[in-house]
Amino acid sequence: MSGTSVTAGIDCGSSAIKVAIARSHVGEGGELLATSVQRIRRRNVHDVARAAFGEACAAAGVGLPDFAYVASTGDADVIDFATGHFYGMTTHARGALHLFPAARGALDMGALHARAIKMDERGKVLGHRMTSQCASGSGQFLENIARYLGVPLEDVGALSMQAKPVEEVSSICAVLAETDVINMVSRGMTAGEILKGIHLSIAGRLVRLLRSAGAEGVVTLTGGLAADVGLIACIRELVAKELAGPKKKKLAPIEVCAHEHSILAGAIGAALLGAYRHDQLLKRGKLALAAGAALAP
Amino acid sequence: MKCVVGIDLGSTTTKAVLLDEQGGILGRGITNSRSNYEVASAVAWTEAVTSARFDLLERAMPSTSGSWAKPMKDAFRLELFIDELAELRATILRNLERSLTVHGDRKALATTVGEVLDRVRRKAEPLFVGGAPRRSEFFRDIAGALYVAEAEEISRAGGAPFEQLAALYDRAILEVETRAQRRDVGGLLRRALDRVLPADRAENATARAAAAQAIATAAAQTIEEIAVVGTGYGRQTLPFARESVRSEILCHGRGAHRVFPGTRTVLDIGGQDTKAIQVDDHGVVTSFQMNDRCAAGCGRYLGYIADELNLGLHELGPLALQATKSVKVCSTCTVFAGAELRERLALGQKREDILAGLHRAIMLRAMSLLARSGGVQNEFTFTGGVCNNGMAVKVLRELVNENYDPTTTLNIHPDSIYMGALGAALFGLDDARAGRLAPMPPFLRAVASEVSA
Amino acid sequence: MSEHTESKDRSQLRQKRMIADHFERLSRAKEEGKKVVYTFVPGNLTELIGAFDMLPVLPEINALQSGMRKKSAGYIAEAEKSGHSEDVCTYVKCDIGMLRSGNIGPTGTKLPEPDLLLLSYTGCFTFMKWFELLKQEYKCPVVMLHVPYQPDGVITDEMRSYVVEQLRTEVIPAMERVTGTRVDVDKLAAHLSLSKQAEDDLVAVWESARHRPSPIDGYFGGVYYVGPIFSSFRGSHDAVMYYRELREEVEARVARKEGPMAPDGPVKEKYRLVVEGPPNWTNFNEFWQMFSREGAVVVSSTYTRVGGLYDQGFRHDPSHPLDTLADYCLGCYTNLGLPSRVDLLAKYIREYEADGFLVNSVKSCNSFSVGQLLMLRKLEEKTGVPGGFIESDLVDPRYFGKANIENRVQSYLQMLEARKARGTSADAVVSP
Amino acid sequence: MTDPAAPIFERARALVDDYTLGAVKAWKAAHPGALAVGHMPVYTPRPLIEATGSLPVAVFGGGDSLDIIRGDSYFQSYICHIPRSTVELGLGGHLDALDGMVFPSICDVIRNLGGMWKMLFPQKYVAYLDLPQNFDKDVGGRFYTSELRRIARELAGRGARTLDADALLGAIARENERRVTLEQLDAVRRAEPWRLRATEAYVAVRAGSVMPAEEHTRLLREILAAVKLRTARPVDNVRVVLVGSFCEQPPFELIRALEKAGCDIVEDDFQLGMRMIDGPIEPCAGEDPVEALSRAFLERGRASASRYIDRNEKGADLVARVHACAADGVIFAAASFCDPALLDQPMLEAALERAGIPHTSFKFAENTGQFQVIREQAGAFSDAVKLWGPAGAPVAAQEASV
Ligand SMILES: Nc1ncnc2c1ncn2[C@@H]1O[C@H](COP(=O)(O)OP(=O)(O)O)[C@@H](O)[C@H]1O
Ligand SMILES: Nc1ncnc2c1ncn2[C@@H]1O[C@H](COP(=O)(O)OP(=O)(O)O)[C@@H](O)[C@H]1O
Ligand code: SF4
Ligand code: SF4
Ligand code: SF4
């Protein structure tokens with residue numbers, strides 16, 4: 001089986017569990033066999049993780065003994081049947097590269113944090129920036145506002161896209177921003193306009209994050225918010241504005257891309273890196289791995 | 001009858017208090033601030049006037065009628081609820097018709113919504129007239145909780161998807177709340193009367209006559225506001241005359257001192273801010289401290305946590321009180337605290353123990369503000385929405401015992417939430433006595449005319 | 001300093017002209033072969049710099065100007081992008097950001113690069129880091145003058161001789177190397193005696209605030225008054241003229257019983273305040289108006305003493321040039337231990353008969369801010385006068401929460417008023 | 001097999017965790033009339049205090065187990081954490097065993113804290129120790145020795161022994177011995193990090209805060225002997241140098257989280273004051289030992305954010321240290337709102353970049369309880385080194401809030 005192996009990546013986020021199963025050819029990447037995404041929704045994470053993993057295994061028609069490596073990423077403690085663990089930025093970078101081979105940057109937009117990553121052609125992380133312990137502008141924040149406005153998450157993007165350009169939501173605090181929103185509602189702004197304002201302000205932070213991480217060229221959007229077309233439109237808008245603005249000479253062009261599998265980037269990256277690590281360890285003769293020893297479905 | 005009005009525009013709730021010329025409390029009203037502030041103060045004020053009318057009604061009633069005064073009040077609230085529910089129904093149906101984002105069969109959805117609301121109405125009745133405990137005083141909360149429960153059940157039974165039903169409610173409630181409502185107090189009173197003393201029962205005739213008489217007497221009383229003072233978080237945005245606006249710090253201090261004249265230290269924890277106030281023996285503020293720009297550690301923190309656990313605000317404290325130990329919670333950010341809660345739950349820690357830790361985290365921040373403002377002096381009065389939370393009070397008591405004189409009296413009044421408005425009204429009374437009559441601001445005047453019996 | 005809307009007095013017009021001239025000279029410095037030295041405001045050695053015919057650039061003043069001209073947000077963002085933390089002093093970040101954006105000074109011309117960085121480490125540790133950072137950007141020599149702290153409010157002989165020795169063995173030789181000239185002691189003494197003259201007049205201006213109504217605002221207005229003497233002009237004929245004119249104008253206002261001018265007109269004195277801490281620059285006028293509209297006049301402040309405690313008796317002394325420079329550096333307000341700062345504030349509160357005192361605590365400046373909450377408590381104990389506390393920042397607009405500050409200022413002033421009116425309240429009639 | 005070092009570390013850990021200073025109380029009971037003198041980070045010359053018959057006690061704030069109430073009431077939200085917990089300890093009576101407190105110059109926070117201490121504890125001895133930023137023996141040196149003599153004099157005024165040359169020479173000799181032993185400990189950590197974890201070295205050094213040099217040396221020797229008996233084996237980890245925690249100390253769990261994320265911390269600046277002088281303090285023949293103490297600081301004080309670096313390139317020392325301990329990279333761990341560390345960082349980062357050394361960074365507070373972000377960053381760092389070799393780690397990272 002030298003060179004080709006079947007591996008799995010499991011990404012335990014704070015709002016969803018993502019699983020990817022891949023067949024990898026070391027040195028050339030690999031292809032996806034099956035995937036699964038399950039929102040946690042206040043359920044027991046361990047159960048959700050097992051369920052998601054089981055679902056993906058069934059779809060791929062493989063069982064635990066078939067895996068050369070099961071890699072966890074995200075919250076390591078949840079998966080007790082992994083062979084090894086990679087950290088989020090490593091896997092998102094690798095996943096981003098898989099989704100868009102031209103990508104040299106990744107922007108992971110998850111429920112609580114956003115991370116901007118600059119990487120090389122192998123997916124090696126060259127630099128990164130992360131948002132701090134303040135939840136302003138996170139996915140969770142957007143979710144709260146959407147709920148408050150009575151808009152289902154799936155419609156957020158479309159509503160924002162249809163809206164006219166508006167003022168940004170200025171408040172730095174995710175909690176106090178609600179007050180801004182209240183005032184907007186009472187001034188008669190539509191949900192779409194308000195969402196657009198929020199999107200613009202989040203996008204502004206994200207673009208700054210990307211710039212400060214030094215990302216340039218093609219940037220893959222990863223994480224759950226990559227499904228939000230309204231946010232993506234705003235990011236594109238801001239990047240374009242920046243590149244047309246007075247500082248254009250000093251700025252490298254950035255092109256952001258989202259993929260239907262964006263939310264799976266971490267899981268995909270983990271699966272691919274698992275294969276790579278497996279091979280590396282084989283070569284070094286260090287392999288004493290028993291994937292799934294602890295798994296008792 | 002001449003009276004003064006104090007309005008406290010909080011970040012979460014808006015409160016109004018009506019005082020008579022002698023400083024006696026005539027009425028009070030409260031509503032959610034989750035809407036336009038003008039509307040919120042109009043609604044709170046309307047409620048205060050309504051409750052003042054009840055006060056007058058009670059005064060006008062013959063002493064023998066005591067047995068139906070309370071049922072009458074409850075019935076009145078129920079009728080109000082029913083009116084508001086009708087409003088909600090109309091709004092949902094209107095939105096449904098216009099909505100761009102609803103996919104599928106609108107007619108079927110409308111029928112389902114109707115079904116849900118019918119059930120809500122039936123379930124609401126015992127909450128008002130049956131003595132069952134209410135989660136909250138607010139229409140939004142009561143209706144919301146019932147709606148969610150019914151919608152869940154119906155969608156589980158194969159009706160419309162829950163998310164869709166919930167979205168319709170969320171959308172509509174916002175609109176209902178941001179509209180100033182006309183209220184036909186006379187009509188409501190008559191319906192309440194019919195409910196309490198049905199007309200078709202002969203034995204009720206005398207009582208009904210007495211009640212009608214009392215209603216007429218109460219209705220004949222004019223209520224004339226000679227001074228209106230505004231305060232609170234939203235006071236800057238209100239079209240009040242500058243002279244009629246007082247800092248909420250002063251108002252909270254004054255209100256608390258009025259209710260508990262021994263008060264020297266006041267802690268007020270509202271939705272988005274926490275204030276530690278020291279007052280002298282006249283209720284005049286001598287020093288104060290407020291939290292900074294971050295909303296961490298305020299009432300909203302508890303709101304998020306309650307949402308996270310799918311609980312009502314009322315249930316949070318009692319649940320935390322069952323804790324056997326207090327888990328150390330590190331996040332002060334409201335949003336991250338939610339995440340930490342989830343993380344700790346996943347680690348198998350007990351819900352009540354984590355909650356105990358969260359309460360402690362909030363109260364520790366409050367203790368710092370208190371220390372900063374000059375400590376805790378006897379007597380110590382705790383006001384604001386969070387003082388309704390038993391666990392918050394318990395932790396506060398413990399912390400006061402650990403750090404200050406354990407014999408310190410800790411005052412909490414069931415109407416603590418009104419302290420700011422009461423203080424504002426007292427300043428209004430000062431103004432009135434000094435001959436500075438501040439007439440009703442026009443936007444209040446506009447709704448005022450509609451609230452007569 | 002930048003203009004404000006007071007109907008222009010003579011002194012003000014002069015100050016404007018002085019500043020314009022200075023930047024004009026700076027813009028020609030390189031072609032005229034003048035040497036440029038970058039240095040800090042507290043404990044600056046302006047007379048010595050003048051004696052060497054060098055031109056000073058004060059990055060702190062540039063930063064505050066950037067704040068007033070609404071440029072600081074961009075500069076700070078620029079610095080943060082290049083790896084500076086959100087947490088640190090925004091003056092530093094504003095300066096670094098300005099540098100990265102082409103080093104365009106307040107008058108729109110590019111500032112000349114320094115020939116010498118004179119790092120006088122007085123009253124603030126961050127200064128040292130600031131010039132270490134600048135040192136990475138320029139290839140010029142740096143000279144460090146370590147001014148010891150006065151923990152007990154006393155200048156000891158050891159402190160003084162440590163500073164004098166550094167002047168002798170480090171600072172003056174460095175200046176001699178850069179300019180290629182020997183130090184001219186007579187010229188230095190001449191500058192010092194001009195300083196002394198201006199200082200006398202400045203003290204008279206400050207002390208005019210003892211009148212009721214006070215003819216000046218000793219904080220918001222005060223920052224304009226101290227401009228020349230804190231910055232590049234002390235020891236110049238211009239400064240002497242400026243302070244003479246200013247003093248005359250103020251004395252005329254006293255005679256007419258006029259209060260100070262604020263951006264939106266004359267202030268009617270209702271409250272007399274003492275203020276501790278620097279002002280906010282990004283929303284300076286808005287900030288001032290929160291006070292002036294309510295009739296609050298600042299009769300004395302400590303920020304206007306960061307460049308020297310002249311009203312406590314210090315004067316530059318031409319007969320002991322190095323000792324006097326050392327004493328000047330050692331004596332700046334932020335170089336005093338906290339107990340001395342409390343004593344000084346208490347003295348101001350009493351001598352200027354203040355109704356209250358207010359702390360504006362700025363996020364940037366640990367030197368000022370650490371301990372202010374204790375100072376507040378101690379001052380209340382000492383004077384019986386109630387204190388107020390607000391928070392903002394120097395040049396980072398993200399930390400100027402208008403509603404929050406306004407709320408606190410109004411609450412504080414209403415509290416002062418309620419205390420005055422105590423006894424007339426209508427409470428305790430009926431319990432609810 | 002049981003860990004032979006476990007009981008000693010447990011003992012040391014108990015000393016570190018005891019913020020009520022039980023060990024100091026015990027020492028005072030055994031030395032009636034002698035003084036215990038606290039000192040804040042970074043550097044206070046402990047031999048000087050020992051030479052007056054007093055016990056120097058290093059105070060590092062309150063860690064993560066103390067509820068901060070009164071402490072918070074004196075500090076705005078944008079000030080680092082250590083002064084809060086220190087004030088909390090003081091007002092809570094936990095530092096009552098200390099007769100005095102020395103606040104060495106390191107930053108404006110510690111400096112002003114000294115002034116606060118005077119007002120809060122008027123009955124205690126409070127000294128501000130101005131460390132010179134001029135390193136000429138006749139200029140900065142003269143000032144510094146006058147500062148040292150002043151402190152010794154003032155302590156004597158409070159009942160300590162009058163400073164004499166022999167006592168100081170003795171104290172210096174004992175300090176030198178401690179330094180040698182500490183160096184041996186560091187050598188073990190560099191050579192065989194799996195034998196001695198960073199968390200353990202941390203505890204070993206910090207335990208010395210509350211004891212005389214001699215006793216600390218004994219403890220360190222016990223530890224050295226015990227860890228040599230350990231049978232642990234190498235782990236597939238990355239070697240890092242950690243900088244920025246010279247004053248406020250990160251919570252213990254944070255250091256452990258870094259280790260768990262695959263990092264061997266082979267060098268750090270925790271409790272820098274204990275190792276401020278490189279090599280022994282060597283009085284020359286006929287030299288007043290106070291001068292020797294001063295000279296050691298002037299000539300061989302370690303580069304840190306609180307020291308003005310005039311001669312060599314900023315960051316040169318850090319690069320040299322990375323090479324000396326064969327580290328793969330550097331982790332910057334600064335306390336939030338720590339101006340000295342955070343302003344230093346961009347310059348150090350630039351130096352590392354010029355030298356091609358990878359680095360990453362984050363901020364903490366002594367009572368931080370959430371390590372997820374930090375673990376992520378450290379993990380990404382160690383992943384990259386592991387997967388792509390030592391040159392493969394991320395180049396730049398800062399916790400940003402944009
Ligand atoms: N269709 C969608 N439109 C907008 N946001 C979405 C959508 N789907 C998921 N999200 C957002 O993505 C976030 C979850 O992203 P994810 O990368 O899974 O986070 P984590 O890894 O932290 O769990 C949620 O907060 C949610 O708000
Ligand atoms: N019954 C209750 N039980 C527990 N907490 C409550 C209750 N009612 C209100 N609260 C808390 O009080 C907060 C609102 O307080 P309030 O004083 O009305 O705020 P504000 O004055 O800012 O509008 C809410 O965020 C909530 O946490
Ligand atoms: S500002 Fe708001 S979002 Fe940020 S930490 Fe505070 S509560 Fe959380
Ligand atoms: S910390 Fe304060 S004194 Fe120091 S540079 Fe910043 S603003 Fe100036
Ligand atoms: S942590 Fe940093 S800022 Fe705070 S006291 Fe220590 S050196 Fe100063």
Side-chain angles (χ1 to χ4, degrees), chain C residues 77 80-89 92 119 121 123-126 128-130 132-133 135-136 142 144-146 148-149 151-152 156 158-159 161-162 165-166 168-170 334 336-342 361 363-375 377-378 391 393 399, chain D residues 73-80 83 87 103 105-116 118-120 126-128 130 132-134 136 138-140 142-143 146-147 150 305-306 308-310 314 334 336-340 342-347 349-350 361 363 396 398-402:
Chain C
E80 286 179 0
K81 218 156 78 186
S82 70
H84 280 278
S85 168
E86 198 188 339
D87 293 355
V88 301
C89 171
V92 180
L119 167 46
Y121 164 22
C124 156
F125 192 84
T126 300
M128 187 174 107
K129 299 281 115 185
W130 191 339
E132 278 185 349
L133 283 161
K135 191 178 155 187
Q136 317 290 308
V142 189
M144 148 72 96
L145 174 65
H146 174 208
Y149 185 56
D152 304 306
T156 63
E158 284 84 4
M159 294 175 186
S161 67
Y162 177 36
E165 279 308 296
Q166 291 179 77
R168 243 177 19 80
T169 62
E170 300 273 344
T334 44
L336 301 183
L338 290 196
S340 317
R341 281 169 62 184
V342 169
S361 169
K363 172 189 167 280
S364 275
C365 189
N366 287 345
S367 177
F368 254 110
S369 304
V370 174
Q372 279 174 329
L373 284 156
L374 179 62
M375 290 170 68
R377 193 81 60 75
K378 289 286 160 195
E391 292 173 89
D393 188 45
Y399 295 94
Chain D
S73 76
Y74 289 112
F75 298 97
Q76 300 89 324
S77 54
Y78 43 76
I79 289 164
C80 62
V87 165
F103 295 85
S105 67
I106 164 174
C107 73
D108 301 324
V109 178
I110 297 286
R111 185 194 74 181
N112 288 11
L113 183 61
M116 293 175 70
K118 273 189 201 156
M119 294 194 275
L120 289 169
V126 180
Y128 178 72
D130 223 336
Q133 301 289 3
N134 175 299
D136 183 323
D138 296 325
V139 182
R142 194 188 308 156
F143 173 71
S146 77
E147 282 283 284
R150 170 179 65 86
S306 55
Y308 178 61
I309 306 294
D310 62 346
K314 189 87 193 173
S336 292
F337 303 106
C338 176
D339 267 33
L342 291 168
L343 285 165
D344 239 25
Q345 198 170 303
M347 294 184 266
E349 284 172 346
S361 69
K363 292 185 293 190
Q398 208 206 0
E399 192 182 338
S401 161
V402 281

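Predicted model, so just to flag it, every value in this text is computed and none were measured. A note on names: the letters A, B, ... follow the listed sequences, proteins ahead of strands, and every chain is numbered from 1.
For the atom pair D/M347 CE and C/K135 NZ, the distance stands at 9.0 Å (nearest 0.5 Å). In this structure, OH in D/Y308 is found 5.5 Å from CG in C/L119, a value given to the nearest 0.5 Å. Here the CE-CD distance, from D/M116 to C/Q372, works out to 10.5 Å after rounding to the nearest 0.5 Å. Rounded to the nearest 0.5 angstrom, D/Q76 CD and C/E391 CD are separated by 6.0 Å. Note that the CZ atom of C/R377 and the CE atom of D/M119 stand 11.5 Å from one another [nearest 0.5 Å]. Between atom CG of residue D/L342 and atom SG of residue C/C89 there is a gap of 12.5 Å, rounded to the nearest 0.5 Å.
Of the two parts of C/Q136, only the side chain, counted from C-beta on, holds a non-hydrogen atom closer than 4.5 Å to a non-hydrogen atom of chain D. Looking at C/T169, only its side chain comes within 4.5 Å of chain D, counting heavy atoms on both sides. For D/I79, the part lying near chain C is the side chain, with the backbone staying farther off; criterion is any non-hydrogen pair under 4.5 Å. When heavy atoms are compared at a cutoff of 4.5 Å, D/D130 approaches chain C solely by way of its side chain, counted from C-beta outward. Using a 4.5 Å cut-off between heavy atoms, D/P83 does not touch chain C at all. Using a 4.5 Å cut-off between heavy atoms, D/S336 touches chain C through backbone and side chain atoms alike. Interface remark: D/A305 contributes backbone and side-chain atoms alike to the contact with chain C (heavy atom separation under 4.5 Å). Contacts of C/L336 with chain D are absent, with no heavy-atom separation under 4.5 Å from either backbone or side chain. Only the backbone of D/I106 comes within less than 4.5 Å of a heavy atom in chain C; its side chain stays farther off. With a 4.5 Å cut-off on non-hydrogen atoms, C/R341 touches chain D through its side chain but not through its backbone.
Proximity of a side-chain donor or acceptor of D/N112 to a complementary backbone N or O of C/V370 within less than 3.5 Å is detected. Side-chain N or O atoms of D/R111 include one that pairs as donor or acceptor with a backbone N or O of C/G123 at under 3.5 Å.
Between C/E165 and D/F143, every side-chain heavy-atom pair lies at or beyond the 4.5 Å cut-off. A heavy-atom distance below 4.5 Å is not found between the side chains of C/S85 and D/Q345. Residues D/L343 and C/L133 meet the side-chain proximity criterion, which asks for heavy atoms closer than 4.5 Å. You'll find the side chain of C/L373 stays beyond 4.5 Å of the side chain of D/S73, heavy atoms only. Residues C/N366 and D/F337 form no side-chain contact, since every pair of their non-hydrogen atoms from C-beta on lies 4.5 Å or further apart.
Under the 30°/60° scheme for interplanar angles, the aromatic rings of C/Y149 and D/Y128 are found to stand perpendicular.
Per-residue heavy-atom pair counts under 4.5 Å with chain C were compared for D/G114, D/C80, D/P132, D/A334, and the maximum is reached by D/P132. Among C/A77, C/S369, C/S364, C/G337, the residue with the largest count of heavy-atom pairs under 4.5 Å with chain D is C/S369. No other option in C/S361, C/G371, C/S340 has as many heavy-atom pairs under 4.5 Å with chain D as C/S361. The candidate with the highest count of non-hydrogen atom pairs below 4.5 Å against chain D, out of C/M375, C/E158, C/K81, is C/E158.
Taking every heavy atom of both residues into account, C/G83 and D/P346 meet most closely at O-CG, 3.8 Å.
Contacts of C/Y121 classified as ring-ring contact (aromatic ring centres under 6.0 Å, His included), with partners at least two apart in sequence or in another chain: C/F125, C/H146. With sequence neighbours excluded, the residues forming a side chain to side chain contact (heavy atoms under 4.5 Å, CB included) with D/V126 are D/F103, D/W117, D/K118, listed by chain and number.
Using a 4.0 Å cut-off between charged side-chain N and carboxylate O, D/D339 and C/K129 make no salt bridge.
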